[in-house]
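Atoms considered below: every heavy atom in the structure, side chains included; atoms not considered: hydrogens, waters and symmetry mates. Indexing begins at 1, ligand by ligand and atom by atom, following the structure's order.
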Amino acid sequence: MTVLQATAVRQSIGGRTVLDGVTLSVSPGEIVGLVGPNGAGKSTLVRAMLGLSRPVSGDIRLGGRDVRTLSAQARAREIAYVPQRPSDGFPVSVFDTCLLGRTPYMGTRPGREDLAIVEQVLEQLGLTNLAFRTMDALSGGERQRVMLARALAQQTPLIVLDEPTSALDIGNQLFTLRFLADEARRRGVGVLVAIHDLSLAARFSSRIALLHQGRLVAEGPWHTALTAETIRQTYGVEAEFGTLRGTPVIAPFEAVAS
Ligand code: ADP
Ligand code: MG
């Protein structure tokens, strides 16, 4: 199985440092929850780890090889990506959009197995009834779920998701995180997920990485990474912690005057 490893990654955009020596790995079977305020550098880190941008220094290794030296096809067989902002949608069917996830394996046309995999994923995510609707005729949340389906159809050992629940209702947020946790546990998939909801992050992540102003300021099990202190320092918020039915609840209470 494949490990994704970022070491001492520095990235700058327009002369400004947006990632400052970030070291982070994603191993088979774990969910790494990437949290941090707006502009912390989560999407920049995610894109760098996918090999979509070139860091100023540091390196990103996928299965021990520099991710930027792998062909697009080789990479797509290892990592699936759910971007933060799926496009507004083209007049392409949901089914065909998910079939794009099979591109790294297909010849010129999809085979029977590709069609069966897409059918199965749509079924698993409860999207079968949308299969022949077009992407431009879906709600933002529905489109987001289709982007997850496309990534799952890719059947990769690693999945990287950038705020995959941002447009989802609470039921679908929960379903999505639970589904990813099951994929990690049952199939050994390694998951990196940037997410804002700290309770969901704490509940479903094996490990939390807290990013602030381009630096990883805390990393580890949720209760060590997400404390009243780290949340105050990064988000400027007083948070309260509780446990309901054995799961952590982290509630933002007061914005701290800066
Ligand atoms: P996050 O995903 O944590 O909200 P991003 O990684 O998107 O943060 O952005 C990190 C920082 O880099 C922010 O300050 C953002 O404004 C800046 N940034 C991101 N993309 C660009 C860009 N294309 N041009 C200029 N600045 C950018
Ligand atoms: Mg982002």
Is it true that some N/O/S atom of Thr44, main chain or side chain, lies under 2.8 Å from the Mg ion (ligand 2)?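 It does not: Thr44 brings no N, O or S atom closer than 2.8 Å to the Mg ion (ligand 2).
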Would you say the Mg ion (ligand 2) has Gln84 as a near neighbour, meaning an N/O/S atom of that residue under 2.8 Å away? yes
Ion pair Glu78/Arg75, N-O distance below 4.0 Å: no
In terms of side-chain geometry, is the basic nitrogen of Asp59 or Arg61 positioned less than 4.0 Å from the acidic oxygen of its partner? yes
May I ask you to identify, for Pro37, whether its side chain, its backbone, both or neither come under 4.0 Å of ligand 1 on a heavy-atom basis?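 Under 4.0 Å from ligand 1, Pro37 contributes backbone atoms alone.
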Once you restrict to heavy atoms under 4.0 Å, what part of Val18 touches ligand 1? Side chain, backbone, both or neither.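 Within the 4.0 Å criterion, Val18 contacts ligand 1 through side-chain atoms alone.
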Quick one: does any side-chain atom of Arg68 pair with a main-chain N or O of Gly51 as donor and acceptor, under 3.5 Å? yes
Ligand 1 N/O within reach of [X] N/O, cut-off under 3.5 Å:
X	answer
Asn38	no
Gln84	no
Leu45	no

Mark up the atoms of ligand 1 that fall under 4.0 Å of a heavy atom belonging to Ile13, in ascending order. 18 (N), 19 (C), 20 (N), 21 (C), 22 (C), 24 (N), 25 (C), 26 (N), 27 (C)
Quick one: which ligand 1 atoms are inside 4.0 Å of a heavy atom on Thr44?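 Counting from 1, the qualifying ligand atoms are 5 (P), 6 (O), 9 (O), 10 (C).
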Is there a chain of hydrophobic side chains (I, L, V, M, F, W, Y, each step under 4.5 Å between heavy atoms) that links Val3 to Leu34? no
Joint hydrophobic cluster, Leu216 plus Leu226, side-chain heavy atoms closer than 4.5 Å: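 No, Leu216 does not connect to Leu226 through the hydrophobic network.
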List the closest protein heavy-atom neighbour of atom 16 (O) of ligand 1: residue, atom name, distance to the nearest 0.1 Å.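 Sorting protein heavy atoms by distance from atom 16 (O) of ligand 1 puts Arg16 NH2, 3.9 Å first.
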Protein heavy atom at shortest distance from atom 7 (O) of ligand 1: Ser43 CB, 3.6 Å
Do you know the tightest heavy-atom contact between Thr156 and Val189?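 What the structure gives for the nearest pair is O-CG2, 4.1 Å.
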Taking CD in Glu238 as the centre, count heavy atoms belonging to other residues, nucleotides or ligands within less than 6.0 Å. Is the count above 12?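 Atom CD in Glu238 is crowded, with more than 12 foreign heavy atoms closer than 6.0 Å.
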Which of these, Gly14, Ser12, Gly39, has its nearest heavy atom closest to atom 10 (C) of ligand 1? Gly39
Go through the steps for Ser53 and Gln11 under the test side-chain hydrogen bond (donor to acceptor under 3.5 Å, both in side chains), then give the verdict. CA-CA 9 Å; Ser53 64; Gln11 181 73 280; 3.1 Å; yes
